[in-house]
Amino acid sequence: MNKHEHTLGRRHFLGLASALAFGSAFSLSACNANDEGQNEAGQKGNAAQVGIDYANFEEVVAAARGTKVSWYGWGGSEPRNTWINETLVPLLKDKYDLTLELVGMDINDILTKLSGEMQAGVTEGSIDFIWINGENFFSTKQNGYLWGPFTDYLPNFRDYIDATSPEVLYDFGSPTEGFEAPYGKAQMQMWVDSAKVSSIPKNPEEFLQFCKDNPGKVSYPQPGDFIGTAFISTLIAGVVGKEKFEELSKMNEPTIEAVQEVVQAGLDYLKELSPYLWKEGKTYPADSGALASMYADGEVVLNMGYGDPQVQVNEGSIPSTTKSFLFETGTVGNSNFMAIAQNAKNIAGALVAINEIMSPEMQYEQYEKLGNITVLDLNMVSEEIKEKFESKELGSAQLPVDELLSNRIAEAAGPVIPLLEQLWRDQVPPIK
């Protein structure tokens, strides 16, 4: 996801989900068998939703009118929260009489809540739809906690999304199979305070020199943090090459030996880099939030994330001289998605809200106000919308969409990520 995740939380949920799936097959089967009905596509639903023809979107809209739908997701981005509450919420109310309730929680808390309700046999759960991707989607779908497939029911998905795109078909290497609708694209970007540095590195080799020239003033979040793992992935890809690194995106049942064979040269590079980092690489910022604070305070001269920092520049929370950049060797990117809980109370409302979020108008709003890379295929939208995307004036800390997409590297598959992080822990930090 385009967000900070707590390392232990994410790992804790993955282990919890696996244990529950192994130990509770009977209870899950019993829960599913007791659902009070199925729609025409054979999907299970609670009693309030039985009889809705989800393939008839007018019927879905009619069922959603006058209801409330809950959207659970990471709540740590105030600009995004503001956009949702001040733009999306009123639009859904005015257009559909649908009340959207945004519930901001850490992803591991959301998924622990979902799994707990599923295990308890709750057929009308608290969660209707979720902002989700990557390992969390893989585990949640694998354990039967998601409703679908549903994307073919959505007019905006059919009309404006390239359903054959690998970034729609797969989420960190896991087939989406219609259980996720794309929300936005994210791509690793780096930024520096141009008033404090004399040159911007163009590749890992120049980045090593950059760190030597700015000793102790550069770091990255400890891998296990979403941003930290993405950043070392970008550096490793720059060392081993895009084509070789993207082998990791196709590994569904990886071994640590197979991953190491791909990334070893990159790990050697990271070990060479380490002594020139903050605190000589003996420790790393615990998460992306910690590094962001260090950048804002001037303790480091470089930060990174999924997306640009233009909103923070506009707010004055980071220097106006901040400039974003990419490596010419590329940076990793992914799509983030929306999924519906298997025991959602308001499936119709979730479908209506998700469809509207994918509309050309709302996708442009997110690009304009949040810098989100759109999930739309711009060859499928109207000329008016396409022109708005192409002519938007960029801020000083933003990069053109075409530059981002032309330097994009597919991320490692979900099952690869913990192995990559383990290899980093084993080889890069100094032995204590």
Side-chain angles (χ1 to χ4, degrees), residues 1-6 73-88 102 104-107 131 183-197 200-201 207 210 214 217-222 225-231 234 277-278 284-327 331-334 336 362-374 389 392-401 403-404 407:
M1 296 176 193
N2 182 14
K3 57 185 183 294
H4 158 64
E5 292 181 278
H6 295 296
W74 180 65
S77 169
E78 286 308 313
R80 178 168 299 281
N81 295 343
T82 299
W83 176 79
I84 292 171
N85 286 314
E86 295 185 359
T87 299
L88 183 62
L102 178 64
M105 292 174 65
D106 183 85
I107 187 64
W131 179 16
Y183 177 23
K185 290 182 178 179
Q187 187 164 346
M188 174 60 57
Q189 299 181 44
M190 291 78 72
W191 51 89
V192 295
D193 182 351
S194 62
K196 294 182 178 179
V197 301
I200 293 176
F207 183 71
F210 178 85
N214 297 275
K217 301 290 285 183
V218 179
S219 191
Y220 54 84
Q222 181 168 316
D225 173 85
F226 195 69
I227 299 301
T229 301
F231 186 66
T234 291
L277 300 178
W278 176 70
Y284 290 79
D287 53 44
S288 56
L291 185 64
S293 296
M294 291 165 64
Y295 179 79
D297 293 341
E299 189 173 357
V300 295
V301 296
L302 177 140
N303 196 7
M304 72 285 297
Y306 273 107
D308 63 64
Q310 187 63 46
V311 171
Q312 294 98 301
V313 170
N314 295 344
E315 293 172 341
S317 57
I318 62 174
S320 61
T321 46
T322 294
K323 302 293 182 186
S324 296
F325 68 97
L326 306 174
F327 290 144
T331 61
V332 295
N334 65 60
N336 49 82
M362 290 298 97
Q363 286 287 305
Y364 179 74
E365 278 266 345
Q366 292 182 77
Y367 177 57
E368 180 181 44
K369 295 180 179 176
L370 303 173
N372 266 26
I373 305 173
T374 183
F389 274 99
K392 179 186 176 297
E393 185 175 346
L394 299 176
S396 60
Q398 290 180 298
L399 298 171
V401 170
E403 181 179 344
L404 291 165
N407 290 282

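By convention here, the first residue in the shown sequence is residue 1. Below, each value reflects all heavy atoms present in this structure, side chains not excepted, and no hydrogens, waters or symmetry copies.
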Identify the two heavy atoms, one from [X] and one from [Y], that lie closest to each other, and give their separation to 0.1 Å.
X    : Y    : result
G298 : K217 : O-NZ, 3.0 Å
G305 : I227 : CA-CD1, 4.1 Å
G184 : N372 : CA-ND2, 4.4 Å
A296 : I318 : CB-CG2, 4.3 Å
P221 : M304 : CD-SD, 3.8 Å
A397 : S324 : O-OG, 2.5 Å

Sequence neighbours excluded, which residues qualify as side-chain contact (heavy atoms from CB on, under 4.5 Å) partners of [X]?
X    : result
P400 : L394, D402, E403
A195 : D193, T321
E78  : N81

Is there a side-chain contact between [X] and [Y], using heavy atoms and a 4.5 Å cut-off?
X    : Y    : value
F327 : T234 : yes
Q312 : P79  : no
Y364 : K392 : yes

Just how far is it from atom [atom1] of [X] to atom [atom2] of [Y], taken to the nearest 0.5 Å?
X    : Y    : atom1 : atom2 : value
Q222 : T229 : CD    : OG1   : 9.5 Å
I200 : S194 : CD1   : OG    : 7.0 Å
E299 : W278 : CD    : CH2   : 6.0 Å
T82  : N85  : OG1   : CG    : 7.0 Å
E368 : W83  : CD    : CH2   : 11.5 Å
L326 : L399 : CG    : CG    : 5.0 Å

By side-chain hydrogen bond (donor to acceptor under 3.5 Å, both in side chains) - contacts of [X] (at least two apart):
X    : value
T374 : Q363
T322 : Y295
Q310 : N314
Q187 : T331, R408

So, using ring pair (Phe, Tyr, Trp, His ring centres under 6.0 Å) as the criterion, who are the partners of F325 when residues are at least two apart?
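In terms of ring pair (Phe, Tyr, Trp, His ring centres under 6.0 Å), with neighbours along the sequence ignored, F325 is linked to no residue.
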Can you sort out the partners of F210 under ring pair (Phe, Tyr, Trp, His ring centres under 6.0 Å), two or more places apart, ordered by chain and number?
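F210 satisfies ring pair (Phe, Tyr, Trp, His ring centres under 6.0 Å) with no other residue.
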When you look at Y367 and V401, which way does the side-chain contact (heavy atoms from CB on, under 4.5 Å) test go after all the steps?
CA-CA 10 Å; Y367 177 57; V401 170; 3.4 Å; yes
Heavy-atom donor-acceptor pair, D287 side chain to G289 backbone, under 3.5 Å
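Judged by distance alone, yes, a pair lies under 3.5 Å.
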Among residues at least two apart in sequence or on other chains, which ones pass salt bridge (Lys or Arg N to Asp or Glu O under 4.0 Å) with K369?
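Partners of K369 under the salt bridge (Lys or Arg N to Asp or Glu O under 4.0 Å) test: E365.
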Taking the six-membered ring for Trp and the full ring for Phe, Tyr or His, determine whether the centres of F207 and Y220 are under 6.0 Å apart.
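Judged by ring-centre distance (under 6.0 Å), F207 and Y220 do not meet the cut-off.
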